[in-house]
Each structure stands twice: as C-alpha cells, then as structure tokens.
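Each chain gets a letter, A, B and so on, in the order its sequence line appears, and its residues count up from 1. Every value quoted in this text rests on a predicted model; they were computed, and no experiment measured them.
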There are 2 protein chains.
Amino acid sequence: MNEVAASRRQHGPGASRNYPKGERRRAQIIEAAFTAFGTVGYRNASMLQLAAACGVSRAGLLHHFPTKESLLEAVLEQRERRDDERFFGTGEATRDGLEYFASMLRLVAHNQDHPGIVSLFALLSSEASAPDHPAHPYFVARYERARCAMQSAIDDLAHRGLLRPHVDPVGLSVDLLALIDGLQIQWLLSPHDIDMPERLRARLRDIIKVELP
Amino acid sequence: MNEVAASRRQHGPGASRNYPKGERRRAQIIEAAFTAFGTVGYRNASMLQLAAACGVSRAGLLHHFPTKESLLEAVLEQRERRDDERFFGTGEATRDGLEYFASMLRLVAHNQDHPGIVSLFALLSSEASAPDHPAHPYFVARYERARCAMQSAIDDLAHRGLLRPHVDPVGLSVDLLALIDGLQIQWLLSPHDIDMPERLRARLRDIIKVELP
DNA sequence: CCTACCGATCGGTAGG
DNA sequence: CCTACCGATCGGTAGG
C-alpha cells in the first residue's frame with residue numbers, strides 16, 4: 001500500500017473538496033483505466049495510451065498516479081466500492097443472511113456478463129499473493145473482510161435455524177468464497193461449459209433450507 | 001501450443017533416444033526453470049539468468065526452448081506428469097473413487113508445503129484465460145481432463161452408494177475443483193489462516209459416507 | 001501539468 | 001542436413 005493510496009483513503013473517495021478539477025480528472029483516469037484493464041488486461045495496458053485516452057500526457061497522468069500500480073489499486077478499490085453499493089447496499093444485506101446470499105447470487109450473475117472484470121480480479125489476486133506486490137495488503141484485507149461479512153450472514157442463518165442439519169458452519173465462508181473464485185477460473189477457460197450462478201445456487205440449496213430469489 | 005512442444009509430445013518425455021546429451025540438458029533446464037518460476041515467478045525469471053544457472057548461453061537455452069513460453073509449457077507438463085504419477089499412479093485411483101479422493105487429499109497436503117508451485121499454477125491459470133495466451137489450450141484441456149477424472153470417481157462412489165443422500169452428483173466435480181483452486185488463492189494470501197487439506201477433508205466428509213485416510 | 005529524455009531490460013533472431 | 005551451442009545485436013517498450 002503506497003502513500004498516495006493510503007492518504008486518499010483517509011478522507012475517502014471524492015472527498016477532496018479543495019481541488020474539484022483534480023478529483024474530476026482522477027475519476028476520469030480511473031474510469032479509463034478500469035475499462036482498459038478489463039479489456040486488454042493490466043500488463044497490456046500502457047500508461048501512454050491511458051494518458052492519451054484521457055487527453056493528458058504521460059507525465060500528467062503520473063502526477064495523479066505516480067506508478068501504474070497505484071492506479072491499479074485505485075481501480076480495484078472503486079470496483080469493490082461500486083459492487084458493495086450496488087449489490088449489498090447499506091440496507092438489509094449487512095444483517096439479513098438470506099438477503100446477503102441473494103445479493104451474492106446477483107453479483108456472480110453480473111460478473112458472468114463481464115469477463116474482463118472477472119479476469120482482472122483473478123489475475124491480480126494471484127499476482128498479489130507475492131508479499132512484495134503493491135496490492136498484497138489490499139487483497140489480504142479484502143479477503144479477510146469478505147470472510148468476516150459472509151460468516152456473519154452464515155451465523156445469522158444458523159441462529160434462525162435456516163441451515164440444513166448436515167451443514168457445519170465453521171469455515172463455511174472460506175469454502176464458499178473459494179468456490180466462487182474457483183468457478184471464475186474454470187468459467188474463464190470454458191465459458192460455455194460453466195454456469196457460475198447456477199453452480200453457486202446449487203451449492204446454497206444444499207446449505208440453506210429456503211430457496212433464494 | 002507451438003510446434004516444438006507439439007512434436008515433443010508425440011514421442012513423449014525423454015524418449016529421444018538418439019540425442020542423450022540434448023535430453024539431459026533439456027531436463028536440467030526444465031528443472032532449473034521449475035525452481036526459478038516457483039520462487040521468483042514466471043515474469044521475474046529471466047532467460048539470461050536461467051541460462052547462466054544451467055551453464056549455457058542464452059542462445060544455447062533458446063536452442064532447446066525457442067521461446068520463454070515453450071519452456072513454461074514444458075515445466076507445466078512435467079509438473080502435472082509428476083503429480084499424476086506420484087499421487088494417482090497407474091493403480092487404483094483411476095477406478096476406485098475412494099482411492100481417487102484420498103490421493104487428491106495427499107496432493108493438496110503436498111501443495112501446502114510448496115507455495116511456489118501453488119503460486120505458479122494460480123498465476124498461470126489466470127494468465128492463460130486469455131484466448132491468445134500460449135498456455136490457453138493447455139489449461140483448457142487440463143481442466144476438462146480433471147473434471148472428467150473426478151466425475152468418474154464421483155460416479156463410482158454414487159454407484160457404490162457411498163454418497164450421502166442430500167448430495168447431487170451433477171456438476172460436483174466442477175464445484176470441488178473450484179473449491180481446491182479457490183482455497184489456494186486464500187491460502188497464498190493468508191497462509192496462517194487457511195488449512196487447505198482440512199477444508200477439503202471437511203467438504204468431502206459432507207459428501208462421502210466413509211472417512212478418508 | 002508540459003517536452004524531452006534516462007538507464008535498463010525484455011523476448012527473439014541473425015550468421016557461423 | 002543434423003545437434004549444440006556462440007557472441008552480438010535487433011526493434012520496441014517499460015516506468016519514472
């Protein structure tokens with residue numbers, strides 16, 4: 001986690017009231033990078049082309065994001081923030097286990113329509129397993145948060161007696177997140193053979209007593 | 001899949017009787033590349049350093065493996081061949097479903113002692129999801145084979161009445177392979193929090209009536 | 001934010 | 001017409 005990303009996190013996204021032009025440009029760059037990374041991949045996207053797409057020079061781009069990796073981190077964070085808002089919101093999904101898994105199903109179905117994003121995250125989560133990778137702390141924290149949130153949803157279901165009797169809730173969040181990640185790999189390689197939401201739904205049907213929407 | 005790798009596959013590994021010196025050198029290079037890829041990663045390993053480690057020049061290295069990708073493919077194939085021989089053998093695992101999953105548990109336990117290899121495969125399976133990646137056909141075929149082999153094992157267990165009543169065998173091989181892959185990602189990021197063989201064993205306990213060794 | 005550049009390294013290929 | 005290399009260098013691109 002570099003200093004730029006860390007300092008930006010302190011005052012949150014888009015919260016720099018004093019430099020509206022800089023924030024707009026920054027948002028534009030993140031948007032362009034998001035598209036580029038998701039289509040041609042991270043490595044094949046060049047900072048020069050990205051700068052050109054945003055109407056700035058490479059040096060101008062480097063003013064906002066001093067390294068390519070820092071831009072990558074910003075893209076990842078925005079993506080996660082958007083997914084959270086769109087699929088989990090600030091509403092019931094954080095407390096209601098059924099709502100949580102319904103949201104998860106919608107997210108996985110959405111991912112199946114956007115291979116570029118899925119590919120980007122799959123690639124980066126592997127790259128970032130190297131301890132010296134700039135996005136390593138981000139991904140470690142991301143999975144810890146994901147496991148924690150999902151385990152809360154599972155505990156809620158267990159408390160309401162909605163888990164089937166054979167299910168062991170201990171470590172179930174690890175298994176289900178692993179299933180989702182692993183399905184992405186097989187789906188990326190054989191998109192016509194693998195149906196991610198269908199597989200996840202089948203697994204959830206084996207875990208939860210009631211049918212999800 | 002380039003021509004060199006394709007022609008080598010025709011007569012199998014180490015089967016070029018006429019050029020023992022070349023085969024030895026080739027094996028030495030694969031061994032060195034295997035170590036290098038597994039420690040510093042594929043992209044960070046340079047052909048020049050690899051050549052030096054084998055006591056040949058870069059041009060000499062390129063004589064045996066005309067591209068870095070072709071060397072990568074040779075490493076992947078050797079790794080898969082060794083794993084298959086070591087953990088699945090030519091024996092019971094190809095017919096006995098219980099033996100198959102016992103072997104799978106041993107393989108996963110073995111992987112947990114070799115993070116470099118796990119990291120390499122995780123990284124490459126993501127990279128290779130790009131249709132124009134040299135290892136794309138290899139990984140597509142690899143997963144198809146893996147699903148087929150595992151589904152045979154599952155069908156054997158179903159036929160012998162060893163699956164628990166709530167289990168749906170359809171697509172179960174997809175789910176279990178996804179679980180294994182996904183566990184690797186989380187384990188690479190948080191090795192102290194995730195126990196891959198333990199999680200797989202727990203999942204198999206929920207599927208199979210008898211306890212695996 | 002700009003132009004004008006840097007030191008280093010990549011994978012691949014030439015002739016012999 | 002083969003294997004097993006060599007020293008030298010190609011054009012292009014990376015992040016800064």
Item to check | Leu62(B) CG - dG15(C) C1' separation (whole Å) | outcome: 16 Å
Checklist outcome for this item: Expected string for nucleotides 1-6 of chain C under the B/S/- scheme (protein heavy atoms, under 4.0 Å, primed atoms plus P, OP1, OP2 as sugar-phosphate) is BBB-B-
Item to check | Rounded interatomic separation in angstrom, taking CG from Leu71(A) and P from dG15(D) | outcome: 10 Å
Checklist entry - Can you check the Leu48(A) CG to dA14(D) P distance for me, whole Å? => result 8 Å
Checklist entry - Taking the P atom of each, how far is dA4(D) from dG16(C), in whole Å? => result 22 Å
Checklist entry - Taking atom C1' of dT9(C) as reference, at what distance in whole Å does atom CG of Leu50(B) sit? => result 15 Å
Checklist outcome for this item: Winner on side-chain proximity to Lys68(A), out of dG15(D), dT13(C), dA14(D), is dG15(D)
Checklist entry - Sequence neighbours excluded, which residues qualify as side chain to side chain contact (heavy atoms under 4.5 Å, CB included) partners of Pro191(B)? => result Trp187(B)
Next on the checklist: Ala128(B): which residues meet the side chain to side chain contact (heavy atoms under 4.5 Å, CB included) condition with it, sequence neighbours left out?
Outcome noted: His133(B), Ala135(B), Phe139(B)
Checklist entry - Glu80(A) and side chain to side chain contact (heavy atoms under 4.5 Å, CB included): which partner among Leu76(A), Asp83(A), Asp84(A)? => result Asp84(A)
Checklist outcome for this item: Sorted by chain and residue number, the ring pair (Phe, Tyr, Trp, His ring centres under 6.0 Å) partners of His63(A) (sequence neighbours excluded) come out as none
Item to check | Partner set under side chain to side chain contact (heavy atoms under 4.5 Å, CB included) for Arg205(A), not counting sequence neighbours | outcome: Arg201(A), Glu211(A)
Item to check | Which residues share a side chain to side chain contact (heavy atoms under 4.5 Å, CB included) with Ala45(B), sequence neighbours left out | outcome: Ala36(B), Phe37(B), Val40(B)
Next on the checklist: Please give the stem ranges for DNA chain C, sorted by first residue number, where a stem is three or more consecutive Watson-Crick or G-U pairs and both donor-acceptor distances are under 3.5 Å.
Outcome noted: none
What donor-acceptor contacts under 3.5 angstrom involve side-chain atoms of residues 170-186 of chain A, with partners at least two apart or in another chain?
residue	atom	partner	partner atom	Å
Ser173(A)	OG	Gln151(A)	OE1	2.7
Asp175(A)	OD1	Arg199(B)	NE	2.8
Asp175(A)	OD1	Arg199(B)	NH2	3.3
Asp175(A)	OD2	Arg199(B)	NH2	3.2
Asp181(A)	OD2	Tyr143(A)	OH	2.6
Gln186(A)	OE1	Arg147(B)	NH1	2.7
Gln186(A)	NE2	Val174(B)	O	3.1

Item to check | For Asp156(A), all residues meeting side-chain hydrogen bond (donor to acceptor under 3.5 Å, both in side chains), sequence neighbours excluded | outcome: Arg160(A)
